[in-house]
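Written below as structure tokens is the structure these notes are about.
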Amino acid sequence: MLIEPRQPKYPWGLEVRAAVDLYNDGSLPDIDEDQLLIAAGGPGEIVQIGHHAEANLPLYMVDFGLCVLGCLEEEIVPSDQPLPAPAPEPEPVGEDGAR
């Protein structure tokens, strides 16, 4: 059974912002792994759209000015839309297991 590739939600050339902080996942060898690359809200533009075959997801190449990064749809938001609310911080657990 052939599964059709999932169609991209955003078009090439769209101005976007990082929806979350984007860190180096190891794909930029000259920069420390896990280093913050683009803070949430950082502006960019989609310069190419590819496809991640194993996950069947669109992959957006976004030029953030400082670097071009591959982003998933949940990592970017069109520049005319609000950023998503940040996830709440988990409550610390005490030594006795109580919150």
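Please read these numbers as outputs of a predicted model, since none were measured by experiment.
Hydrophobic clustering (side-chain heavy atoms under 4.5 Å, transitive across Ile, Leu, Val, Met, Phe, Trp, Tyr) groups Val20 together with Tyr10. Linking Ile, Leu, Val, Met, Phe, Trp and Tyr residues whenever their side-chain heavy atoms come within less than 4.5 Å leaves Met61 and Tyr23 in two separate clusters. When the side chains of ILVMFWY residues are joined at heavy-atom separations under 4.5 Å, either directly or via intervening members, Ile76 and Trp12 end up in a single hydrophobic cluster. Tracing side-chain contacts under 4.5 Å through hydrophobic residues (I, L, V, M, F, W, Y), one reaches Ile38 starting from Ile46; they form part of the same cluster. Leu69 and Ile49 end up in the same hydrophobic cluster when Ile, Leu, Val, Met, Phe, Trp and Tyr side chains are linked at under 4.5 Å.
Judged by distance alone, the side chain of Asp21 and the main-chain N or O of Ala40 form a donor-acceptor pair under 3.5 Å. Checked by atom type and distance alone, the side chain of Gln81 never pairs as donor or acceptor with a backbone atom of Pro78 at under 3.5 Å.
Using a 4.5 Å heavy-atom threshold, the side chains of Leu83 and Val77 count as touching. With a 4.5 Å cut-off on side-chain heavy atoms, Leu22 and Glu75 count as touching. Counting heavy atoms from C-beta on, the side chains of Val62 and Val47 never come closer than 4.5 Å. Between Leu72 and Leu57, some side-chain heavy-atom pair lies under the 4.5 Å cut-off.
The CG atom of Leu66 sits 9.0 Å away from atom CG of Leu37, with the distance rounded to the nearest 0.5 Å. Taking CD from Glu33 and CG from Asp25, the interatomic distance works out to 7.0 Å, rounded to the nearest 0.5 Å. Taking CG of Asn24 as the start and SG of Cys67 as the end, the distance is 8.5 Å to the nearest 0.5 Å.
Side chains of Glu73 and Tyr60: a donor on one and an acceptor on the other come within 3.5 Å.
Here the shortest heavy-atom pairing between Ala19 and Glu74 reads CB-O, 3.8 Å. The nearest pair of heavy atoms linking Phe64 to Cys71 is CE1-SG, 4.0 Å.
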